[in-house]
Amino acid sequence: MWATTRTAVTNEVVDTAALISWPIVRLNGCYVIPSQRIELCRIYPEKEIKIDSAELIWIEPDKKSLQTATNLAIGTGDMAGLSEIDLGILALSIHLKKTLVTDDYRLQNLAEKASIDWIAVTTDGITEIWNWELKCIACKKIFPQPEKPNLKKADWGQCEDCGSELKLKKMR
C-alpha cells in the first residue's frame, strides 16, 4: 500500500498569533474571520502567501453568537480591552462550538467564562479568571463597560467628574 500524506484538520478557531506563528499544515482546516486577513496583511504583508496557501475556512459568526460574546465581554469587563477582531473570533468560537486558539489573555478569560476550550499559541495562558472594571485613576469612580470594542485599545477616555484618565483595573 502506498503511503499518502494528509494535511492536519484541526477545526479550531485561530487568532492572528496562530496565523503568524504556526506552519501552514497546522493551519489547514482552521476557522478564521475575514477581517483577520486584513489585519495580518497590514501587520505582516509577507504572510499573505502563507495565508493563501493554508486551507483556512473563512466565516463570519452569526448575530446570536456575536451578541452572546458581546454580553459576556461586557459582563466580565473585558470589552474595553478587546478589538473588533477579538470579539469576532470569540463569537465564531461560540457559534461553532470549537476550541479557540489564542495568546490573548482576555480571549482566554472569556473562553473560560463561555465554557469554550482554548489553547495558547506560544504562551502558557491564564491560570485564573478575572473580572475588570473601568475606573478613574484619580477619583476612583467606576464607569460602565463600553458596549462595543474600543478602537484605541488602551485609551478609555477621561473621567467626566475630574477629567483624569480611565484605566481597566482587575476587580478585587
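- Atoms NE2 and CD, on H95 and E60 in that order, are 10.5 Å from each other to the nearest 0.5 Å.
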Decide side-chain contact (heavy atoms from CB on, under 4.5 Å) for E84 and E39; before the verdict, give the C-alpha distance in whole Å, the side-chain angles of both, and the deciding distance to 0.1 Å. CA-CA 11 Å; E84 289 283 345; E39 178 183 54; over 6 Å; no
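- Counting heavy atoms from C-beta outward, P149 and M79 have side chains that approach closer than 4.5 Å.
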Derivation of the side-chain contact (heavy atoms from CB on, under 4.5 Å) call for L134 and L168: CA-CA 5 Å; L134 195 55; L168 274 180; 4.0 Å; yes
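- Around CD of E46, the count of heavy atoms belonging to other residues, nucleotides or ligands within 6.0 Å exceeds 12.
- Side chains of S83 and D86: a donor on one and an acceptor on the other come within 3.5 Å.
- Note that CG of L19 is 10.0 Å distant from NZ of K47, once rounded to the nearest 0.5 Å.
- Note that the CG atom of L66 and the CG atom of L87 stand 5.0 Å from one another [nearest 0.5 Å].
- You'll find the side chain of Q108 reaches within 4.5 Å of the side chain of T102, heavy atoms only.
- Using a 4.5 Å cut-off on side-chain heavy atoms (C-beta onward), K140 and K135 make contact.
- Atom CD1 of I116 is separated from atom CG of L107 by 12.0 Å, given to the nearest 0.5 angstrom.
- Heavy atoms from other residues, nucleotides or ligands lying under 6.0 Å from NZ of K169 number 12 at most.
- The distance from atom OG1 of T16 to atom CD of Q36, rounded to the nearest 0.5 Å, is 4.5 Å.
- Linking ILVMFWY residues whenever their side-chain heavy atoms come closer than 4.5 Å, directly or via other members, leaves F143 and I137 in distinct clusters.
- I43 is not connected to I24 by any chain of hydrophobic side-chain contacts under 4.5 Å among Ile, Leu, Val, Met, Phe, Trp and Tyr, and they are in different clusters.
- Between L72 and A114 the shortest heavy-atom distance is CD2-CB, 3.5 Å.
- I142 CD1 to L166 CG: the interatomic distance, rounded to the nearest 0.5 Å, is 11.5 Å.
- Heavy-atom minimum distance, L110 versus A73: CD2-CA, 3.7 Å.
- Contact annotation: the side chain of L100 never approaches that of I94 to less than 4.5 Å [non-hydrogen atoms, C-beta and beyond].
- Side-chain contact between Y31 and S93: absent, with no pair of heavy atoms (C-beta onward) separated by less than 4.5 Å.
- Taking both residues in full, the closest heavy atoms of L56 and L27 are given as CD2-O, 3.5 Å, listed atom of the first, atom of the second, then distance.
- Residues A80 and W156 approach most closely at O-NE1, 2.5 Å, considering heavy atoms.
- Between R37 and D52 there is a salt bridge, since at least one side-chain N of the basic residue sits less than 4.0 Å from a carboxylate O of the acidic one.
- Here the options are N131, D104, D78, the test is side chain to side chain donor-acceptor pair (under 3.5 Å), and the partner is N109; only D78 passes.
- Surrounding NZ of K141 are more than 12 heavy atoms belonging to other residues, nucleotides or ligands, all under 6.0 Å away.
- Nearest heavy-atom pair, D124 versus W118, reported as atom, atom and distance to 0.1 Å: O-CH2, 4.4 Å.
- When all heavy atoms are compared, the tightest approach of T70 to E147 is CG2-O, 3.6 Å.
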Under the criterion side-chain contact (heavy atoms from CB on, under 4.5 Å), I'd like the reasoning laid out for E112 against T76: C-alpha separation, chi angles, the key distance, then a yes or no. CA-CA 11 Å; E112 282 286 332; T76 63; over 6 Å; no
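- D15 places a side-chain N or O within 3.5 Å of a backbone atom of A18 that can act as its donor or acceptor partner.
- Residues I129 and L90 do not share a hydrophobic cluster, clusters being chains of Ile/Leu/Val/Met/Phe/Trp/Tyr side chains in contact below 4.5 Å.
- Counting non-hydrogen atoms of neighbouring residues, nucleotides and ligands closer than 6.0 angstrom, the NZ atom of K63 reaches no more than 12 such neighbours.
- Heavy atoms of other residues, nucleotides or ligands lying less than 6.0 angstrom from CH2 of W58 number more than 12.
- Both V14 and Y44 sit in one connected hydrophobic cluster of ILVMFWY residues. Membership requires side-chain heavy atoms under 4.5 Å apart, directly or through other members.
- With a 4.5 Å cut-off on side-chain heavy atoms, W132 and M171 do not count as touching.
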